[in-house]
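Residue numbering restarts at 1 for every chain, and letters A, B, ... go by the order of the sequence lines. Keep in mind it's a predicted model, so treat the numbers as computed, not measured.
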Amino acid sequence: MGGVGTGGGRGGVGAGGRAAVAGRFGNPFIGGGGSLARVQTVPVGRGVGVDGRARRPRLPDRRPRHRGPPRRRGRDGRLKRRVPAGERGAWAGASPPQVAEEVADAVDVDATEYLARVETSGPYVNFFVDDAYLADTLDAARDAEYGRLPRKGESVVVEHTSANPTGPVHVGRARNPIVGDAVANALEYAGHDVDRHYYVNDAGRQMAIFTWAYETFDESELPEPAREKDDYDLVRYYRKGNEVLEEGDEETVETAEAEIASILRGLEAGDGATYERVGEVIDTVLAGMEASLARLPAEFDEFVRETRFIRDGSCDDVAERLKTLEESALEEGAWQVDLSEYGYEKSLVFLRSDGTSLYTTRDLAHHEWKFDNYDRAVTVLGEDHKLQAGQLQAALDRLGNDTDRLEDLFYSYVNLPEGKMSTRAGTAVNLDDLLDEAVARARGEVERRLDDRIRDDDLTEADVDRIARQVGVGAVRYDIVSKQPSKAITFEWDRALDFEAQSAPYVQYVHARCCGIVSEAGEEGLAPDAAVDSATLSTPAERDLIQAIARFPAVIEEAAADLEPHRVATYTREFAETFNAFYRECPVLTADDEATREARLALVAAARHTVANALDVLGIEAPESM
RNA sequence: GGGCGUGUGGCCAAGCGGAUACGGCGAGCGGUUCCUAACCGCUAGAUCGCGGGUUCGAAUCCCGUCACGCCCGCCA
């Protein structure tokens, strides 16, 4: 069991270990790596030594397990950390309660910066923070950038989506851009230098089919496009092409296959004219897909083309190096490498008998290029790519790369109740349609609520548009990003577009409430930046809210380190619940005395920054009114 | 057949070695002269797929089993 207070996972710790250290407890901007570093949420007994000073645990060899917030809080509203004492190890033989006592006794509260007291409760050791911790949290969250961790000086490339440019982006794959974008955001917030890449498969058979079909069929043979957009226009050729290949007569198929093969050979040979033909199709479709993804919004720093690695010779280089391996062999004219030492039964073919490369061969060159340009590489992939990704990693390792720098994040596909979505078969729900429907339904909600609106802020038509878009798109993203990627999702309109609790609007509403309070305060000449005595904030609801704010940087750190953006979504939901309790119980502008008004206003401002940035990580807009 | 993943109240779902399993939807009841009710409170509903095991302690780890999904191409 690891020490919770220390960095743990591969995310590393910030300068001086401050970020992660204080982060487990809450806030990386406060604490200075001092006292909080000694506060641990650790089952005592394993790995944590209580020496004379009893405050410096060993670094864990595994990632910490106790990451969550304290579920229970002290009646006084102070932070309690549960520390179950037990397991075997240093205290073998001692009962958990005894160990807890020893640990509690060994902690010198006076020597810490933020600890008020330490208590035991059966096998648990609870640590309580003092007012200084709350005050410093409030202070740190005054910054609109609250939650952004210190720069780590480490570059990461996040490759996501990378859907073949065969047609409009559909919902079956929508998890990829949404999760990928959120992971990239989380890494950025955690202090990494992030680039977002879309890897374009422009060298495969699919694209050759597409190009042949585009050049062969006439528009008059095709149905009307579903939408006046280039990707919808061109996908008709792709579908028609596949249909002919599957159902056409022998002669037609033969001719087509000859043309397709010639296109593939042209690409492999680096033939300029072929590149131009294929490029025209790809550029057109990709531009359409890019526009759809931008609505999420998911944007990319670079579209990396597969053919690039053929043209620059690096794919050949990889193949040549693979050939020299002991495990490689020429079988029936095709080169393959035996990866059984990595647990893969079947050999990986890296050169066809006609000498052309395969997808994985090019991807090997692609990844070595990533290693040359970045410290780490993260790839978001559908679960059907697991085997291929594993073989890729094994081959990369065999070629002498440090594959610890490579991490994959897999997600299950979104399916329809009646089965899979397919571009080719045209059975998919397109992302554009989902977003349109989401915005339309959101608009309906906005208009329905317009009548019984208490707030007198006269929403304009533009405001209604804005809110409908923010809420509609946000709901779609939240629905997807809030779930563990490994779990399968069955797409149902009503479920995906539920604006009730536990959805984006629920959280967005909290932000709008914060903004409403701050702006109204401004009208009364009250700014949220007065010096605040945190002792003024003494009710449980206020304390809980400060603690929720304090947790945010740790949530970022963990979501980034573990590539689990859904944790940020869970956090936003819990945060919203905590804020709403505060909202219900603690009037801000109408508070009894001036000191309370100012202190609560500062708290609202801090909450606003927190929820705005948490939503930002998820790629969801934070409306100032709704 | 083998590999990987998933299985938590009627439905969705968090938690993934620790204190009475977080929430939502749906069901029932209640709350708005007061900073936005896209909100809040209360009630009912869970042998955490099933069977073993490890542990002071298991939804969480191990073994087995069942169900569902994905994968096992000189496709991508």
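Between the side chains of A/Glu101 and A/Thr120, at least one donor-acceptor pair of N or O atoms lies under 3.5 Å. Judged by distance alone, the side chains of A/Thr572 and A/Tyr506 never bring a donor and an acceptor atom under 3.5 Å apart. Judged purely by distance below 3.5 Å, without hydrogens or angles, the side chains of A/Asp363 and A/Thr360 never pair a donor atom with an acceptor atom. Side-chain N/O atoms of A/Tyr509 and A/Asn580 include no donor and acceptor closer than 3.5 Å. Counted by atom type alone, A/Asp544 and A/Thr578 present zero donor-acceptor pairs between their side chains at under 3.5 Å. A/Glu585 and A/Thr539 share no side-chain donor-acceptor pair at under 3.5 Å.
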If you look only at distance, which donor and acceptor atoms sit under 3.5 Å apart when one is on a side chain in residues 416-423 of chain A and the other is two or more places apart or in another chain?
residue: A/Ser422; atom: OG; partner: A/Arg424; partner atom: N; Å: 3.2
residue: A/Ser422; atom: OG; partner: A/Ala425; partner atom: N; Å: 2.9

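Residues A/Tyr198 and A/His160 keep their aromatic ring centres 6.0 Å or farther apart.
B/G5 and B/G41 have their P atoms separated by 38 Å, with the value rounded to a whole Å. Rounded to whole Å, the separation between the C1' atoms of B/G3 and B/C16 comes to 22 Å. B/G17 and B/C11: their P atoms are spaced 27 Å apart (whole Å). For the P atoms, the distance linking B/G15 with B/G73 amounts to 34 Å, nearest Å. Rounded to whole Å, the separation between the C1' atoms of B/A44 and B/C25 comes to 15 Å. Nucleotides B/G24 and B/C56 have their P atoms positioned 37 Å apart, rounded to a whole Å. Across the P atoms, B/G26 and B/C40 are found 13 Å apart, a figure rounded to whole Å. The separation of B/A67 from B/G49, taken at their C1' atoms, amounts to 8 Å, rounded to a whole angstrom.
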Within the 4.0 Å limit for protein heavy atoms, which parts of nucleotides 24-35 of chain B are touched? Write it as a string from 5' to 3', B for base, S for sugar-phosphate only, - for none. SS---------B
Readout for nucleotides 68-76 of chain B: B = base within 4.0 Å of protein heavy atom, S = sugar-phosphate only, - = neither; 5' to 3' it is -SSSSSBSB
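A/His566 has no side-chain polar atom (N or O) that falls below the 4.0 Å cut-off from OP1 or OP2 of B/A13. Between A/Asn580 and B/C39 there is no side-chain polar atom (N or O) within less than 4.0 angstrom of OP1 or OP2. OP1 or OP2 of B/C40 lies within a sub-4.0 Å distance of a side-chain N or O belonging to A/Tyr506.
With a cut-off of 3.5 Å on both pairing distances, the Watson-Crick or G-U wobble partner of B/A27 is B/U43. Judged by Watson-Crick or G-U wobble contacts below 3.5 Å, the nucleotide B/C4 has B/G69 as its partner. Within the shown strands, nothing qualifies as a pairing partner of B/C74 under the Watson-Crick or G-U definition with both distances less than 3.5 Å. Base pairing annotation: B/U60 forms no Watson-Crick or G-U wobble pair, as no partner gives both donor-acceptor distances under 3.5 Å.
Looking at residues two or more places apart in sequence or on another chain, you find no side-chain hydrogen bond (donor to acceptor under 3.5 Å, both in side chains) involving A/Thr166. Remark: A/Ser486 pairs with no residue by the side-chain hydrogen bond (donor to acceptor under 3.5 Å, both in side chains) rule, at least two apart or across chains.
Within the 4.0 angstrom heavy-atom criterion, base atoms lie near A/Tyr509. Note on A/Arg449: a base of the nucleic acid sits closer than 4.0 angstrom, heavy atoms only. Counting non-hydrogen atoms under 4.0 angstrom, A/Ile467 reaches a base of the nucleic acid. No engagement by A/Met207 is indicated, since no non-hydrogen atom pair under 4.0 Å with the nucleic acid exists. Note on A/Ser503: nothing from the nucleic acid sits closer than 4.0 angstrom, heavy atoms only.
Rounded to whole angstrom, the span from the CG atom of A/Asp408 across to the C1' atom of B/G5 amounts to 15 Å. Straight-line distance from the CG atom of A/Asp494 to the C1' atom of B/C11: 13 Å, rounded to whole Å. A/Leu450 places its CG atom 13 Å from the C1' atom of B/A38, with the value rounded to the nearest Å. A/Lys487 has its NZ atom 14 Å from the C1' atom of B/C11, to the nearest Å. Taking atom CD1 of A/Ile480 as the reference point, atom P of B/C12 lies 17 Å away to the nearest angstrom. Rounded to whole angstrom, the span from the CD atom of A/Gln484 across to the C1' atom of B/U60 amounts to 12 Å. As a whole-Å value, the separation of A/Tyr342 OH from B/G2 P is 26 Å. One interatomic measurement links the two molecules: CZ of A/Phe579 to C1' of B/G23, which rounds to 19 Å at whole-angstrom precision.
Position along RNA chain B of the nearest nucleotide to A/Ile489 versus A/Phe499 favours A/Ile489 as the more 5'-ward residue.
A salt bridge is defined here as a Lys NZ or Arg NE, NH1 or NH2 lying under 4.0 Å from an Asp or Glu carboxylate O, and A/Asp498 with A/Arg441 fails to meet this definition. Ion pairing between A/Arg466 and A/Glu624 fails under the 4.0 Å rule for side-chain N and carboxylate O. The pair A/Glu621-A/Arg477 does not count as a salt bridge, with every side-chain nitrogen at least 4.0 angstrom from each carboxylate oxygen. A/Asp479 and A/Arg495 are not joined by a salt bridge, as no carboxylate oxygen comes within less than 4.0 angstrom of a charged side-chain nitrogen.
Closest approach to the A/Pro96 side chain among B/C40, B/U6, B/C56 is made by B/C56 (side chain taken as heavy atoms from C-beta onward).
RNA chain B is contacted by no residue of residues 593-605 of chain A, taking any non-hydrogen atom closer than 4.0 Å.
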